[in-house]
Amino acid sequence: MTNNNNGSSISSGGSGIHKTRPKNLDSDAEDSTRSEKKPVVYVEDPPTPPRWLSYEFIFYYIIIVIGYFVVLKMLITRSNEYNDGSKENKGIVDGWFLSRKQDLSDTQYKIYRQNFPLLSIGLSIFLLVSASIRKNFPDKPYVRILFYNIISLGFLIFVHGSSTFIVLGIAIINFGISRVFERSKMLPAITWIFNLIILWTCYIYEGYSFKTLSPFLGDELSFWLDEHKGFLSWETYFKVSMLRFISYNNDYYWAKSKRPVVDLKGKSAYFIAQERHQPMEHYSFSHFLAYIFYIPLYIAGPITTFNAFTAQVYNPQKTYSFSDLVKASIKILLVFLGLEIALHYCYYHSFDKSDVWMTFTGAEVALTGYLVLNFMYVKFLIIWRTFRLFALFDGIDTPENMNRCVNNNYTFTGFWRSWHGAFNKWTIRYLYIPLGGKKTQFVSIWIIFFFIGLWHDLWLSWIAWALLNCVFFSIEIGIMFYFYHPKRLPLRRKWYWRFMVAIAGTFNIFLLMVANLAILHGFENSIIFIHNAFFVPGGPTAFILAYSWLFCGIMVMIEIRESEKRSKEVKPF
């Protein structure tokens, strides 16, 4: 969530603070332009010589391979107990691959895979019609906007049924707020307050009920409306819509108040589209509805800003060619197939969800956490990239999520900037910078993480997640501020510096796992998880072996970053 002065990125593992800027989608420039008045001098650490074929790294490769061999052996041995019928678990069902059972205990993934064929057909038809409109009406983008509005209304009725009235009512009120308070500095605050009230009351009341309106609608009509709310609960998808409401109202307010635009020299096409104010006629009600309910991004995102979306309706993205998108489609299908096969051999998500892990040895408890986080990563990668891909085919680019593999992160900063990259950029633009940017980050990250936690759900587990992330994130900011200051450049040039980074990074990985598993375990079970993993007989041995394995992995991660630096490749954070 946090960003570095002057748009610089902190490159871990001996690369220090460097001045290279990501070419794509980095909103840090806003922070440097709007919240930093005094120039700061940075020292760029030179890249180190490659070590890929050194004896040191050959040793790391051997340890990593042995570690994965042990992991796979433990994984297959435990899973086979449930595959051969000697043990049963509710989430493990009959599969389709080599007569093995499959772990479908994750509801979100189960729903996605069940609806993937219908979803693909529906979105493909949407793309064909949209492409036809672009071809036949190249100089009339408003025809495309009209198409989006008509098809989106039909889609809402199909998935939400009578709840469409609620969804449209909330949208109309948000649009009304933008117009009633368009000359007031309170517009952003009022927008936030209204949408937070809707978010948390719809959690509490499970999406509202029409029977509360029975004095006005009558008992019979109210009952009928409650019985026909559609097969997708609107409140689940309001979370993403809320982010769009806030984006539209803020972008409109900033355009209306003529807020200065940051320096766009050398920035990506997407960043330029996001930062430039749209012509005032583009902030109309029809454009607002097209953005809020744009079908390819409505269900799961990724998040894009109103300015960027509307700009690309008029000038479709040219960053990715058709062949690039075809290759991306093949990659997603291969990852999808790979996860499907993996779930026929790895049942650890089901073990975690059903608390079977509480009966495991220390090493297996730790392995459960590692495998569950890997599953979550691949699941979200498939879902987010599928919907983003459909949007790209339609000419709408969005920030990418999952820019680095989950097993190629060892800082909280890097993890969150790559895991949910689109949401991270949204948070920077509409929360982090308005709250003061880097000047107030030690305070603002608490507000941001608690918002993100409670945005996901009103569960104690999400409060635990937010609290743990805030504590660990604050510690990391302080440590990195100290060690990556230009005064510490001599230390960062020492031969043992990368070993110091790897030792600290390994410990950080354990903290990352604990913080993210809190989503599943909450406060109480997280403590039990840590105790069972490392403080039972065999636990200290498991900790030492895991630490050694992860240490070797981080040394490779550091070298990857040094390799990127040597080739001047920068991840699009």
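Small disclaimer: the values here were computed from a predicted structure and weren't measured.
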Worksheet item: Are any of the side-chain heavy atoms of Arg144 and Ser130 separated by less than 4.5 Å?
Response: yes
Item to complete: Report yes if some heavy atom in the side chain of Val378 is under 4.5 Å from a heavy atom in the side chain of Asn374; otherwise report no.
Response: no
Fill in: Identified side chain to side chain contact (heavy atoms under 4.5 Å, CB included) counterpart of His160 within the set Val167, Leu168, Ile166
Val167
Discussion item. Quick check against the 3.5 Å criterion: does Ser162 have a side-chain atom that pairs as donor or acceptor with the backbone of His228?
Written reply: yes
Worksheet item: Any Lys/Arg nitrogen of Arg100 or Asp94 sitting under 4.0 Å from an Asp/Glu carboxylate oxygen of the other?
Response: no
Item to complete: Have a look at Phe423 and tell me which of Trp416, Trp455, Phe380 forms a ring-ring contact (aromatic ring centres under 6.0 Å, His included) with it.
Response: Trp455
Worksheet item: Is the shortest heavy-atom distance from the side chain of Lys101 to the side chain of Val93 under 4.5 Å?
Response: no
Practice prompt. Grab the two heavy atoms, one from His349 and one from Val372, that are nearest each other, plus how far apart they are.
Written response: CA-CG2, 4.0 Å
Discussion item. Determine whether a donor-acceptor pair (N or O, by modelled atom type, separation under 3.5 Å) exists between the side chain of Asp103 and the backbone of Ser350.
Written reply: yes
Item to complete: Using a 4.5 Å cut-off on heavy atoms from C-beta on, say whether the side chain of His344 contacts that of Trp96.
Response: yes
Fill in: Whether Trp426 and Tyr430 hold their rings parallel, tilted or perpendicular, with breakpoints at 30° and 60°
tilted
Discussion item. What verdict does the side chain to side chain contact (heavy atoms under 4.5 Å, CB included) test give for Tyr148 and Tyr294, after you've listed the backbone C-alpha separation in whole Å, the side-chain angles of each residue and the deciding distance to 0.1 Å?
Written reply: CA-CA 7 Å; Tyr148 286 160; Tyr294 179 63; 3.7 Å; yes
Discussion item. Can you confirm whether the side chains of Ser321 and Ser323 place a donor and an acceptor under 3.5 Å from each other?
Written reply: yes
Worksheet, complete the sentence: Those residues at least two apart in sequence (or on a different chain) that pass side-chain hydrogen bond (donor to acceptor under 3.5 Å, both in side chains) with Thr191 are Asn249
Practice prompt. Using a strict 4.0 Å threshold on nitrogen-to-oxygen distance, state whether Arg566 and Glu559 make a salt bridge.
Written response: yes
Worksheet item: Side chains of Tyr347 and Leu75: closer than 4.5 Å at any heavy-atom pair?
Response: no
Item to complete: Measure from NZ or CZ of Arg179 to the centre of the six-membered ring of Tyr252, then state whether that distance is under 6.0 Å and the direction lies within 45° of the axis.
Response: yes
Discussion item. Between Asp251 and Arg429, does any NZ, NE, NH1 or NH2 come within less than 4.0 Å of an OD or OE carboxylate oxygen?
Written reply: yes
Worksheet item: Do the side chains of Ile198 and Met242 get nearer than 4.5 Å, heavy atoms only?
Response: no
Discussion item. Please give me the minimum heavy-atom distance between Leu392 and Gln317, naming the atom from each residue.
Written reply: O-NE2, 3.5 Å
Worksheet item: Does the gap between the ring centers of Trp462 and Phe449 come in under 6.0 Å?
Response: no
Worksheet item: With no hydrogens and no angle check, do the side chains of Asn307 and Tyr283 hold a donor and an acceptor under 3.5 Å apart?
Response: yes
Fill in: Between Phe126 and Phe155, ring centroids under 6.0 Å
no
Worksheet item: Relative to the ring of Phe288, is the ring of Phe285 parallel (under 30°), tilted (30 to 60°) or perpendicular (over 60°)?
Response: parallel
Practice prompt. Could you please spell out the steps behind the ring pair (Phe, Tyr, Trp, His ring centres under 6.0 Å) verdict for Phe158 and Phe231?
Written response: CA-CA 8 Å; Phe158 174 67; Phe231 61 91; 5.3 Å; yes
Worksheet item: Do you know which two heavy atoms are closest between Pro302 and Ala422, and how far apart they sit?
Response: CB-CB, 3.7 Å
Discussion item. Is it the case that the side chain of Arg51 and the backbone of Phe57 share a donor-acceptor pair, with hydrogens and angles ignored and the cut-off at 3.5 Å?
Written reply: no
Item to complete: Could you go through the side-chain hydrogen bond (donor to acceptor under 3.5 Å, both in side chains) check for Glu562 and Thr48 one step at a time?
Response: CA-CA 7 Å; Glu562 288 297 300; Thr48 58; 3.0 Å; yes
Practice prompt. Find out whether Ile558 and Ile560 are in side-chain contact, i.e. whether some heavy atom of one side chain is under 4.5 Å from a heavy atom of the other.
Written response: no
Worksheet item: Side chain of Asn408, backbone of Arg404: donor and acceptor closer than 3.5 Å?
Response: no
Practice prompt. State plainly whether the residues Arg385 and Glu400 are in salt-bridge range, i.e. N to O under 4.0 Å.
Written response: yes
Fill in: Pair listing, side-chain hydrogen bond (donor to acceptor under 3.5 Å, both in side chains) test, anchored in residues 235-244, at least two apart
Ser233-Thr236
Worksheet item: How far apart are the C-alpha atoms of Lys425 and Arg417, what are their side-chain angles, what is the distance that settles it, and do they pass the side chain to side chain contact (heavy atoms under 4.5 Å, CB included) test?
Response: CA-CA 8 Å; Lys425 289 172 176 61; Arg417 295 179 76 182; over 6 Å; no
Discussion item. Can you classify the ring geometry of Tyr298 versus Phe293 as parallel (below 30°), tilted (30 to 60°) or perpendicular (above 60°)?
Written reply: tilted
Discussion item. Between Ser152 and Asn149 (side chain of the first, backbone of the second, donor and acceptor by atom type, cut-off under 3.5 Å), is there such a pair?
Written reply: no
Item to complete: Would you kindly say whether Thr386 and Tyr112 are connected by a side-chain donor-acceptor distance under 3.5 Å?
Response: yes
Worksheet item: Under the side chain to side chain contact (heavy atoms under 4.5 Å, CB included) criterion, do Arg134 and Lys140 qualify, and how do the steps go?
Response: CA-CA 8 Å; Arg134 272 193 287 166; Lys140 298 179 180 179; over 6 Å; no
Practice prompt. Could you tell me how the ring of Tyr291 sits relative to the ring of Phe306: parallel (under 30°), tilted (30 to 60°) or perpendicular (over 60°)?
Written response: perpendicular
